Amino acid sequence: MAEKQRYGLLIDYEYCTGCFTCQVACQQEYGWPAGMGGIRVNEIVQNLPKGKAYLTYFPFPTELCILCKPRVKKGLEPACVKHCMAECMTYGPIEKLAEKMAEKPRMVLWAPK
Amino acid sequence: MSSETEIVRTTTWSAGPGCHGGCGILAHVRDNKLVKIEGNPDHPWNRGRLCARVLAMTQYTHHPDRLRHPLKRVGARGEGKWEPISWEEAFDLIEMRMKAIRDEYGPESMLFNSGTGRDIYPWICMLAYAYGSPNVMFGLSGSACYGPRLAAVNTVQGDFAVFDAAQWFPDRYDDPRWRRPECMIIWGYNIHATCPDNLFGHWIIDLMKKGTKIITVDPRLSWFASRSKYHLALRPGTDAALAMGFLNVIIQEKLYDRKFAETWTNARHLIRTDTGCLLTEAELVDGGDSANYVVWDAASGRPVVWDSAAADYRGEAPESPMFSGTCDLELVQGEKVTCRTVWDTFCAEVEQYPPERVEEISGVSAEVVAEAARYYAKSGPAAIHWGVAVDMTPALTPLVQALSCLWALTGNLDVPGGNVIARLAFDVAPYALPGSDGAIRLKSGEQDKPRIGRDRYLPLDKFYWRCSTDLSLDQIFSEDPYPIKGMWIQTAGIMQGLGMDPKKWRSALEKLDFVVAVDLFHTPTTQYADVVLPATTFLEKDSFRSWWVPLQTINKAMNVEECLPDMEINFELARRFDPDFRFETLHDLYDDILKPSGLTFSELQQKDWAYPPEGSSSCPYLRHEKGLLRPDKKPGFRTPTGRFELYSTLREQWGLEPVPHHEEPPFTPVSRPDLAKDYPLILSTGRRSPAFFHSEHRNIPWLRDIDPDPVVEIHPNTAAEHGIGNGEWMWVENWMGRARFKAKLTPVVPQWMIMAAHGWWQPEKEAAEPSLFGMWKSNINQLLPMGHQGKDGVGSPIKHSMCRIYKAGPEEV
Ligand code: SF4
Ligand code: SF4
Ligand code: SF4
């Protein structure tokens, strides 16, 4: 039996601004109460040599992410991907996303399901 | 029984996201209830994207705490006791009380207080003017947000300018006229968090992805700073020194656009070396006009008159007009004077700011100043975009002049990818703003005379038709030259957000006879009103938006119980106050204001949005060359001389310094070493959160979850020195008072500064005093003063003060 096609979310975290759109878009779409939802945005401050630092935001899909199955079935993009203010999220088959990932640094591929 | 879901296309602006709007959205409404919001993928502004605050609208529109009926206060002010009344009762009561004030004290005794630039501002003016009061007040000290920046740019350039993300064209980045900025300076701006100033913050991220390199000027390590080619972490309040340092490098190294300077600035106008003032035609010839200036023709050795009104030389243009150098002239009374050019005067000031001195003032290394300046000047095109940090200092006008001179002298003004002149779409101007008179006006100039501060602060007379906030507050107490008896507060949180020194504002409100607040929720401010009126979100009203481009409508999708749109409230009262009010319906009024576009409100509604066509004054580029900026259609700018003014003729007339320069703000370790002993840390405020617009959204669960507590950002080393751990409660204190915050230990702030979040109150806490929604504990404005506005009445020290910090005791958390 052929392996079932798996899908994922590719995040270009160089451009993720920490706008929290993905987090709230998911909460709206599925009616999650505050504190729950399919994706949570984290802030990471990396200390660098010479007293420097680098600020990154980074969305993490939780146990509640269903990769927007109901939306995708209707031919829509996932709610988070559609609204992402930095247009730094891509949804698709994981192999395709992995190819895209090879094109530039500071990318992370999530395959929550 | 369930009905169909209707999808309504509309535009965001104000109550809701709180921003200055512009996003196209699709509101899904069923049974008059908002079920979902999505971004409109066809809208050129946001192309389907949306911020968290719009996506949380279902929690906003149907929030259980929303005010749904007019309320009348029944207890004492601040006691939190209310009684619902009908709209008819509310209107009657307001009409009666406000007419009584007008009859006894005159219309100017009512202040009309607005907050940030919402689509409600015009309708506040409409109400105030129908009532007869010129005193429309933006509640920030020194009106220190945007308007002053607009006014300052207008002073020297005649029009405002913003960065270019091809927002002028429906096909945006694909439009062949547009070019990507090679470099962008982001000056004191966290734009992507909230989209202030009628721009979509993430356009800059679009540009970065296309290759635009960033220079960030910000004491904090912002997201932009992290991704910048140069990050200039200056000491707050030293921006002008830094801008002058940039000019210094650019002029020293001859990186400026000499042709632009010669052709389009007043660089060649003569300045008398004896008086230091511009030489006018009146001094040179009998019957000469004092608004005309003089240029020296080196070829003929004779002066030539610059006819300011014509924006051109009188007669033949000089063969060899002097750009730099001196000349000797004989004046009309035979007096002999030596003159030099504006260019030389300007350069003499700029020479005061070599990078080494800039380093001493700002803390940014001389080398980095020079490198960043060179990089900016050599990039073509390049844009500067700035945030409210520029307004939040008393000497904002000289700072804005310096920054404007940077884009002008590097040849980046109104060029593709540069700083592009921003005009209201089709010149549709609902109310007066710097650069436009507006359709909604006072009936007569006479009525404008008592406007508070107008006679003292000349920018308020020429560009910024509001009363001075600081003088108005004083006048509430002094009653001099006339008493203030009432206040209409709308889109404004004078207690919890907008007002510096909120204790003083509380005393002021307590002193007034009659206060009305219009809002969507109870806030600390509404607690001091006598009547509170329930307003609506953008989803519950018809309106339009012409702030820059495109021109677009806001379309009513639903309504919530008795809530009424701000403009409908004000329209009804305007009709009651003004027997001559000439509009029957709001739509008649909209049609009238929209006239310059050639569209009626409903025609525009059908189109969704309209972009000004090529050849109109609100479509770029190079409009000064094409004669699209001035009413007389001559090439040039809408300034007194028709040129970009390196030396401001208006500032000279107003008795203020005509050229850009740095002034040390009032509360810094440099200006107040005495205070620095007790208050060793720099206190900066107001970093933006994507969850909130100023004091709004603390009651929206999805948003509050993002940013649950009032935080102070503090460097880990500084925190360690004070024994403060991450997430611990601490006090921030200075000579004015103190406020309590949760410590967020982070190296994004320098060790010598803390950054306190602004606009904090806790809607979940007790409304009545002494809690006032927890505001007295967490409002940082208690440490910031009123009354330190700039010399020209605008700008105030909001982003730089001084403080000390200490850990809160267990009983205080
Ligand atoms: S893909 Fe869908 S379910 Fe998963 S986080 Fe995004 S919006 Fe939520
Ligand atoms: S929506 Fe996009 S930019 Fe915003 S936090 Fe999520 S991933 Fe980052
Ligand atoms: S904050 Fe930005 S994204 Fe949100 S509605 Fe306003 S303009 Fe649109």
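Each chain gets a letter, A, B and so on, in the order its sequence line appears, and its residues count up from 1. Bear in mind the structure is a predicted one, so any value in this text is a computation, not a measurement.
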So for B/A56, is it side chain, backbone, both, or neither that comes closer than 4.5 Å to the heavy atoms of chain A? both

Segment of A/C84 engaging chain B (4.5 angstrom heavy-atom cut-off): backbone

With a sphere of 6.0 Å drawn around CD of A/E63, does it hold more than 12 non-hydrogen atoms of other residues, nucleotides or ligands? no

Please look at A/Q23 and chain B and tell me whether the side chain, the backbone, both or neither of the residue comes under 4.5 angstrom of a heavy atom of that chain. side chain

With ring centroids as reference points, do A/Y57 and A/Y13 lie under 6.0 angstrom apart? no

Max heavy-atom pair count under 4.5 Å with chain B, selected residue of A/L55, A/T56, A/N47: A/L55

Does any backbone or side-chain atom of B/F224 lie under 4.5 Å from a heavy atom of chain A? Answer side chain, backbone, both or neither. neither

Salt bridge flag under 4.0 Å for residues A/R6 and A/E95: no

If you count the non-hydrogen atoms of other residues, nucleotides and ligands that lie under 6.0 Å from CZ in B/R9, is the total more than 12? no

Under a 4.5 Å heavy-atom cutoff, which of B/I205, B/T58, B/I706 has the most pairs with chain A? B/I706

Segment of B/M208 engaging chain A (4.5 angstrom heavy-atom cut-off): both

Ranking B/Q59, B/K36, B/R49 by heavy-atom pairs under 4.5 Å to chain A gives rank one to B/R49

Does any heavy atom of chain B fall under 4.5 Å from the side chain of A/C16, the backbone, both, or neither of them? backbone

Using the ring centroid of each side chain, check whether B/Y60 and B/F521 are separated by less than 6.0 Å. yes

Basic-acidic side-chain contact under 4.0 Å: B/R53, B/E696: no

Does any backbone or side-chain atom of B/S689 lie under 4.5 Å from a heavy atom of chain A? Answer side chain, backbone, both or neither. neither

May I ask you to name which of B/N46, B/L221, B/I700, B/V35 has the most heavy-atom pairs under 4.5 Å with chain A? B/L221

Validation row, ring centre B/H20 to ring centre B/W13 under 6.0 Å: no

A/L97 and A/G8: which non-hydrogen atoms are nearest, and at how many Å? CD1-O, 3.3 Å

Which atoms of A/D12 come close to chain B, meaning under 4.5 Å heavy atom to heavy atom: side chain ones, backbone ones, both, or neither? neither

